[in-house]
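A short write-up of the structure that comes next.
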Amino acid sequence: MSDQATPPRSLAEALRVRDDASLAALLRARPDLITPVPTDLTQLATRAGTRASVVRALERLDRFALQTAEALAVAADPAPYDELLGLLTGDEGDQAVAVALPRALRILREQALVWGADDRLRLVRTARELLAPSPQHPSPTGLGPTVQEATSGMSPGRIQEIVTAAGLASTHDSVSAVAALTSLFTHRKRMAKLLAGLPEESREVLSRLVWGPPYGQVTADPAAHLRRLLDLGLLLPTAPGTVVLPREVALHLRAGRAHRTTEPLPPAVEAVSVHRPQVVDGTAAGQAYTALATVEELLKDWDEGGPAVLRAGGLSVRDLKRTAVALDVAEPVAAFWVELAYAAGLIASDGEADERYAATPAHDEWLEQPPAQRWARLAEAWLTATRTSGLIGGRDTKDRTLSALGPGLDRSAAPEVRHRVLTLLTGLPEGAAPAADSVLARLRWERPLRGPQRDDDLRTRLAEWTLSEAEMLGVTGRGALSGHGRALLGAPVVEKARAEEPEGPGDKLPVHHHVTPVLEPLSPAEQATASAAAVRLLAPQLPEPLDHVLLQADLTAVAPGPLQRPLADVLGVLADVESKGGATVYRFTPGSVRRALDAGQSASDLHAFLAAHSRTPVPQPLTYLIDDVARRHGHLRVGAASAYVRCDDDAMLNEILADKRAAGLRLRRLGPTVLATQADPATLLDGLRAMGFAPAAESAEGDVLIARAHAHRTPPRTAPEPVPDGPPVPDTTLLTAAIRAIRAGDLASTTPRKQPPPAGGALPRTSSAETLATMQAAVLTGEALWIGYVNAEGSASQRVIAPIRVEGGFVTAYDHTADEVRTYPLHRVTGVAELAEDA
């Protein structure tokens, strides 16, 4: 019989007959198996059976693949395909399950959780231990132990009593008695006849246990209907006062099903409304513009240095509230924008003694980019970030409050959930908004929870946050995925919109005809291409910045849209923002005009600026306001005495001294035109301005000091790295190298030798003289040898080599395991053995 026809006796043998593509699929699905790279296929199989690796693999199965593994855990070992199919379909059969089962088995085999041919299916032992029923860990199937397992500690006499009560012939040993009882419980007709003879109360007890949990409590003197079940072995004792429903009995009562509900197909993502694609794209573009404006306003607010960093890291609750007020949003929304700017590398801590948050140098580069490119950078950072703003305000495992920008916010599952939620949206027609419940149901099928369902499941919350954050960021509009959102994911974009589609929340879509595409996370190069496509689609949707405002007689200016940056910067100094929205309203006040004058502008500069950028004539009240503030600006001069006030108009100084509000400044006259105080110049300036004056600061030389805002920047900072969810998925180059190394090591460990291999897989051991003589002989004969080798780092390995030359304490040979010519120091060769002639 050929090797291909011989059934594998272990997982290692099953892996050994796989081709390279199959091994690559395994390592891609379970990247923890090559961290580090196994030395051979036996070690790979051993690692694939470790508890940590199996648990991780099981947690990444979809619901039906997991149900298939659970069914195998309660089946015979090994189990034929028909038995597994019967456990999943029951006696009535289920066509959908029959069609889906080959795919589920293919997944389990690909991930090395199941091995063997269809007539001998074996679940990896560790997976069987995790999924099989036990008193400590109930099976998700709700089944209990088999008759053989439940009677393992029962006395032979009691077993014979049960066999006799069930109408079976007594046997001479417990093994055959248990086998007879098992045969009875698994025979449909005989079992039905046995159950038909039970009283109704007894059948009611069995019905309560049939779907689990299979354990129940009984008293020392049970009632007659319970005693009947115990006598027939339909309930078996497991401990004093505890009984269990045997697995075979439960399966009969379930009509052969291992699960109450088998879910071979994923639930469809339903659409609750449909909008024209143009409306969706326009709404999403508006949200994208709002997102850019909000982040810009946040960075502007922190331009001269933002909030202080808490000792434990992060923002204080008070600073988050202040930021929310400045952005005019709720605190959770403000936390999202702060975390997004941090993830994009636009803000960071400055690292100084009095550590504060501030904009990074990358922020200035970001501001110079076109709006669509700035949005793409924010969207990319959001897609890949593991920091989760929705957790802010909650508690960590040590009952400490989680703060914005603080530690403890990383959740490695966040990027995967975000990507999957958006991918599900790509499976809907253009302009269709999904029902949130159907999205959550689909995610739960794809990654079912281990253990009981919980309302606070992290993946569910991540999905809910993804839907709301995508809307705020402009990836979706009105709940539907936008065109630039699709492009960002690398999904095909429907360029031609369907104008005939109705619009309205009541319009339903026949979603069962739409198949969700499989979109894998993109590589950096692929993401750059996708982002460029998203920028091309978004750019025409964003409003063009305006170069004008509308001045009004009530000392306000209306910006009917986004303003060009120079105009917005100057206007932000000259006036205060009164309201935001589609049109921004600015109000001119004496304080705002004085702020512009303090920044170095003159009255003529302000008049010229307003005349150049207003589509309406400059109102007289605004002209008078500027002239009036400018006329008084700098009339008083403040310097250091600690501080002094000088003015050529002694009457104004007399007015200041007579004002009761100046008492706190403790001014005294030094001369007809000079007042002095112990207060510092900044306090004196603020005090005089509060009294209604407009003083100007001056230098020691008597020149007016221009109070310009100084932007505070952190040193160069990189964006925070996402916390990976386990080892990264290996790329093609790494997979190729790893498979080559594993096969080479396997060749060395399995090649036949003339002498038996050392016990326990140890390296061959020979003396130095014997090693040298064998090497020299192999050079003459051209034979291959099996050697043990220890490298300079102390790592041992087995190799198959064909020596070419031996000289100077080194052997040059063709290494079959590495498929290249190498030179080895002889003192690092532990030993050598000749290969069998048929190797």
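These numbers come from the heavy atoms of this one structure, side chains and all, not from hydrogens, waters or symmetry mates.
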- [ ] Give, for atom CH2 of W211 and atom OG1 of T261, the distance between the pair rounded to the nearest 0.5 Å.
- [x] 7.5 Å
Open item on the list: The test is side-chain contact (heavy atoms from CB on, under 4.5 Å); show your working for L209 and L253 and say whether it passes.
Closed with: CA-CA 10 Å; L209 300 177; L253 295 171; over 6 Å; no
TODO: Answer yes or no: is there a donor N or O on one side and an acceptor on the other, between the side chain of T89 and the main chain of L85, under 3.5 Å?
DONE: yes
TODO: Provide the full list of side-chain hydrogen bond (donor to acceptor under 3.5 Å, both in side chains) pairs with a residue in residues 17-27, sequence neighbours left out, each pair given once.
DONE: R18-S22, D20-R743
Open item on the list: Hydrogens and angles aside, do Q43 and R47 bring a side-chain donor and acceptor to less than 3.5 Å of each other?
Closed with: yes
- [ ] Side-chain contact test, heavy atoms from C-beta onward, threshold under 4.5 Å: evaluate it for T126 versus T50 and give yes or no.
- [x] no
- [ ] May I ask you to decide if A48's main-chain N or O and R30's side chain share a donor-acceptor pair within less than 3.5 Å?
- [x] yes
Open item on the list: Do R103 and P264 have side chains that approach each other closer than 4.5 Å (heavy atoms only, starting at C-beta)?
Closed with: no
Open item on the list: Under the criterion side-chain contact (heavy atoms from CB on, under 4.5 Å), I'd like the reasoning laid out for L462 against R418: C-alpha separation, chi angles, the key distance, then a yes or no.
Closed with: CA-CA 7 Å; L462 286 172; R418 288 194 197 103; 5.7 Å; no
Open item on the list: In the structure I gave you, are the side-chain heavy atoms of V244 and P145 within less than 4.5 Å of one another anywhere?
Closed with: yes
- [ ] Kindly indicate whether the side chain of M191, heavy atoms from C-beta on, has any atom under 4.5 Å from the side chain of L234.
- [x] yes
Task: From CD (Q798) to CG (D40), nearest 0.5 Å - done: 7.5 Å
TODO: For E13 and R9, indicate whether the former's side chain and the latter's backbone hold a donor-acceptor pair under 3.5 Å.
DONE: yes
Open item on the list: Between Q111 and A29 (side chain of the first, backbone of the second, donor and acceptor by atom type, cut-off under 3.5 Å), is there such a pair?
Closed with: no
Task: Salt-bridge present (E200, R203; N to O < 4.0 Å) - done: yes
Open item on the list: So, taking the atom named CD in Q160 and the one named NE2 in H172, what distance separates them when rounded to the nearest 0.5 Å?
Closed with: 9.0 Å
TODO: Could you tell me whether the side chain of L424 reaches within less than 4.5 Å of the side chain of L443, counting heavy atoms only?
DONE: yes
Open item on the list: Quick check for you: to the nearest 0.5 Å, what is the distance between H187 atom NE2 and H252 atom NE2?
Closed with: 11.0 Å
- [ ] Grab the two heavy atoms, one from E92 and one from A255, that are nearest each other, plus how far apart they are.
- [x] OE2-CB, 3.6 Å
Open item on the list: Measuring only between side-chain heavy atoms, which start at C-beta, is L105 closer than 4.5 Å to L121?
Closed with: yes
Open item on the list: With rounding to the nearest 0.5 angstrom, report the CG to OG distance, L181 to S176.
Closed with: 11.5 Å
Open item on the list: Any carboxylate oxygen within less than 4.0 angstrom of a Lys/Arg side-chain nitrogen, looking at D118 and R109?
Closed with: yes
Open item on the list: Is it the case that the side chain of S183 and the backbone of A180 share a donor-acceptor pair, with hydrogens and angles ignored and the cut-off at 3.5 Å?
Closed with: no
Open item on the list: Taking CZ in R188 as the centre, count heavy atoms belonging to other residues, nucleotides or ligands within less than 6.0 Å. Is the count above 12?
Closed with: yes
TODO: State, to 0.1 Å, how close L41 and A12 come at their nearest heavy-atom pair, and which atoms those are.
DONE: O-CB, 4.2 Å
- [ ] Taking only Lys NZ, Arg NE, NH1 and NH2, and the carboxylate oxygens of Asp or Glu, determine whether E161 and R158 approach each other closer than 4.0 Å.
- [x] yes
Open item on the list: Is it the case that the side chain of T262 and the backbone of L88 share a donor-acceptor pair, with hydrogens and angles ignored and the cut-off at 3.5 Å?
Closed with: yes
Task: L422 CG to L383 CG distance, which is reported to the nearest 0.5 Å - done: 6.5 Å
- [ ] Applying salt bridge (Lys or Arg N to Asp or Glu O under 4.0 Å), name anything that partners R60, two or more places apart in sequence or on another chain.
- [x] E416, D725
Open item on the list: With side-chain contact (heavy atoms from CB on, under 4.5 Å) as the criterion, how do L44 and L27 come out once you've worked through the C-alpha distance, each side chain's angles and the decisive distance to 0.1 Å?
Closed with: CA-CA 10 Å; L44 176 63; L27 299 179; 4.0 Å; yes
TODO: Output yes when a side-chain donor or acceptor of W445 lies under 3.5 Å from a complementary backbone atom of E263, and no otherwise.
DONE: yes
Task: Any donor-acceptor N/O pair, R411 side chain to T386 backbone, under 3.5 Å - done: no
Task: Heavy-atom check, side chain of R459 versus side chain of R444, under 4.5 Å - done: no
Task: Enclosure of R228 CZ (heavy-atom neighbours >12, cutoff 6.0 Å) - done: no
- [ ] Considering non-hydrogen atoms only, spot the tightest contact between V124 and G49 and give its length.
- [x] CG1-CA, 4.1 Å
Task: Over all atoms of both residues, closest heavy-atom pair of A250 and L143 - done: CB-CD2, 3.7 Å
Task: Any side-chain donor near an acceptor of the partner, T146 and E248, under 3.5 Å - done: no
Open item on the list: Can you list everything that forms a salt bridge (Lys or Arg N to Asp or Glu O under 4.0 Å) with R260? Sequence neighbours excluded, please.
Closed with: none
Open item on the list: With a 3.5 Å distance limit and no angle check, can you tell me whether S139 reaches the backbone of A132 through a side-chain donor-acceptor pair?
Closed with: no
Task: D94 vs R257, side-chain contact (heavy atoms from CB on, under 4.5 Å): CA-CA, chis, key distance, verdict - done: CA-CA 11 Å; D94 188 326; R257 284 183 175 271; 4.0 Å; yes
Task: Y81 versus A98, closest heavy-atom pair with distance - done: OH-O, 4.4 Å
Task: N/O donor-acceptor pair under 3.5 Å between E83 side chain and A75 backbone - done: no
Open item on the list: Restricting to non-hydrogen atoms, name the atom on L428 and the atom on A271 that form the minimum distance, rounded to 0.1 Å.
Closed with: CD2-CB, 4.4 Å
- [ ] Flag the pair F64 / V97 as yes when at least one side-chain heavy-atom distance between them is below 4.5 Å, and no otherwise.
- [x] yes
